[in-house]
Asks: 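Structure in structure tokens, see below.
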Amino acid sequence: MENNFFEKVYQVARQIPHGKVTTYGAIGQYLGSPKSARMVGWAINKSAKKNVPAHRVVNKQGLLTGKYHFDGVTLMEQLLENEGVVVKNNQIQEMEIYFWDPNKELI
DNA sequence: GAATTGACGTTCT
DNA sequence: AAGAACGCCAATT
């Protein structure tokens with residue numbers, strides 16, 4: 001019932017499979033507003049305290065922009081690498097392979 | 001109550 | 001081609 005922006009972000013973020021990552025723009029696009037990527041990141045900021053894997057959500061560059069928001073600066077990289085994602089210099093390598101699009105996969 | 005900021009992305013110059 | 005500015009909506013201060 002809560003078709004709020006945040007609720008959608010939570011739902012999508014939780015359904016991201018392991019070893020996969022998505023971008024704020026992808027989620028924003030899923031919400032129907034690709035320009036609202038900022039709100040997505042902001043929503044995830046709040047969801048960081050929930051069971052939402054914020055470390056699987058990065059910007060379109062594959063850069064771990066919000067790594068400083070984690071408990072540790074290396075925590076985000078560790079989590080991603082732990083799932084099999086190769087992170088180098090705060091950036092995801094071969095992100096195209098790890099990219100998970102909610103519109104395409106989740107429907 | 002109003003102004004500013006914010007885990008981004010697109011578009012214009 | 002590269003750089004700068006704008007747009008989105010909500011929450012925080």
Side-chain angles (χ1 to χ4, degrees):
Chain A
M1 27 21 164
E2 309 280 321
N3 282 349
N4 291 339
F5 201 91
F6 289 52
E7 291 293 328
K8 288 190 172 184
V9 177
Y10 300 148
Q11 295 289 324
V12 175
R14 285 184 203 158
Q15 287 152 79
I16 300 174
H18 272 226
K20 293 281 189 156
V21 294
T22 188
T23 68
Y24 306 99
I27 299 175
Q29 196 169 56
Y30 181 74
L31 304 180
S33 295
K35 308 234 185 211
S36 51
R38 295 173 87 161
M39 277 100 247
V40 177
W42 205 60
I44 282 174
N45 185 322
K46 298 307 226 177
S47 65
K49 284 186 160 62
K50 304 178 183 309
N51 53 348
V52 179
H55 60 270
R56 288 188 198 148
V57 184
V58 294
N59 64 2
K60 207 173 187 187
Q61 303 173 24
L63 250 179
L64 309 183
T65 50
K67 69 174 191 177
Y68 288 103
H69 291 260
F70 283 82
D71 191 29
V73 183
T74 52
L75 181 61
M76 191 171 190
E77 298 180 29
Q78 294 293 317
L79 289 170
L80 289 171
E81 289 184 346
N82 188 17
E83 295 191 352
V85 180
V86 182
V87 180
K88 191 72 171 186
N89 194 10
N90 303 333
Q91 184 172 15
I92 298 177
Q93 304 302 312
E94 300 184 277
M95 180 208 151
E96 303 177 24
I97 305 175
Y98 300 121
F99 182 63
W100 182 81
D101 192 336
N103 305 286
K104 187 175 181 181
E105 306 292 332
L106 182 63
I107 304 174

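Here the structure is a predicted model, which is why all the values come from computation and not from measurement. Convention: sequence-line order gives letters A, B, ...; per-chain numbering from 1.
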Asks: Should Glu105(A) and Lys20(A) count as an ion pair when the cut-off is N to O under 4.0 Å?
Replies: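 No.
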Asks: With rounding to the closest Å, how many angstrom separate the P atoms on dT4(B) and dC6(C)?
Replies: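 It works out to 14 Å between them.
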Asks: Is a side-chain N or O of Tyr10(A) found less than 3.5 angstrom from the main chain of Val52(A), in a donor-acceptor match?
Replies: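 Here the side-chain-to-backbone pair does not exist.
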Asks: Could you tell me if Lys46(A) sits above the aromatic ring of Phe6(A), with its cationic atom closer than 6.0 Å to the ring centre and no more than 45 degrees from the axis?
Replies: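 Because its charged atom misses either the 6.0 Å distance or the 45° angle limit, Lys46(A) does not stack over Phe6(A).
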Asks: Using atom types as modelled and distance alone, determine if a side-chain donor or acceptor of Tyr98(A) lies under 3.5 Å from a backbone N or O of Gly84(A).
Replies: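 Between the backbone of Gly84(A) and the side chain of Tyr98(A) there is a qualifying donor-acceptor contact (under 3.5 Å).
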Asks: Could you tell me whether Ser33(A) contacts a base, only the sugar-phosphate backbone, or nothing, with contacts defined as non-hydrogen atoms closer than 4.0 Å?
Replies: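 The residue Ser33(A) makes no contact with any strand.
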Asks: Distance check needed: dT12(C) C1' versus Met39(A) CE, whole Å only.
Replies: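 So the two atoms are 13 Å apart, to the nearest Å.
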Asks: Keeping the roles fixed (side chain from Asp101(A), backbone from Asn103(A)), state whether a donor-acceptor pair exists under 3.5 Å.
Replies: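 Between the backbone of Asn103(A) and the side chain of Asp101(A) there is a qualifying donor-acceptor contact (under 3.5 Å).
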Asks: What nucleic acid atoms does Ala43(A) come within less than 4.0 Å of, heavy atoms only: base, sugar-phosphate, or nothing?
Replies: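 Here Ala43(A) touches no strand at all.
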Asks: Considering heavy-atom distances to DNA chain C, does Ala37(A) or Lys46(A) have its closest nucleotide positioned more toward the 5' end?
Replies: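 Result of the comparison: Ala37(A).
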Asks: Using the P atom in both, what is the distance from dT5(B) to dA5(C), to the nearest Å?
Replies: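 Looking at atom P only, dT5(B) and dA5(C) are 15 Å apart.
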Asks: Students often get this wrong, so: under 4.0 angstrom with heavy atoms, is Lys35(A) touching a base, only sugar-phosphate, or nothing?
Replies: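 Result for Lys35(A) = base.
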Asks: At a heavy-atom distance below 4.0 Å, which nucleotide of DNA chain B is the first touched by chain A, and which is the last?
Replies: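 Here the contact window of chain A covers dG6(B) to dT11(B).
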Asks: Without decimals, in angstroms, what is the distance between Lys8(A) NZ and dC9(C) P?
Replies: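 Rounded to the whole Å, the gap is 13 Å.
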Asks: In whole Å, what is the span from the CZ atom of Arg38(A) to the P atom of dA10(C)?
Replies: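 After rounding, the reported distance stands at 14 Å.
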Asks: Answer yes or no: is there a side-chain heavy-atom contact under 4.5 Å between Tyr30(A) and Val9(A)?
Replies: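 In short, these two side chains do not touch, never coming nearer than 4.5 Å.
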Asks: By the 4.0 Å heavy-atom rule, please label Lys67(A) as base, sugar-phosphate, or nothing.
Replies: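 If one applies the 4.0 Å heavy-atom cut-off, Lys67(A) turns out to touch nothing in the nucleic acid.
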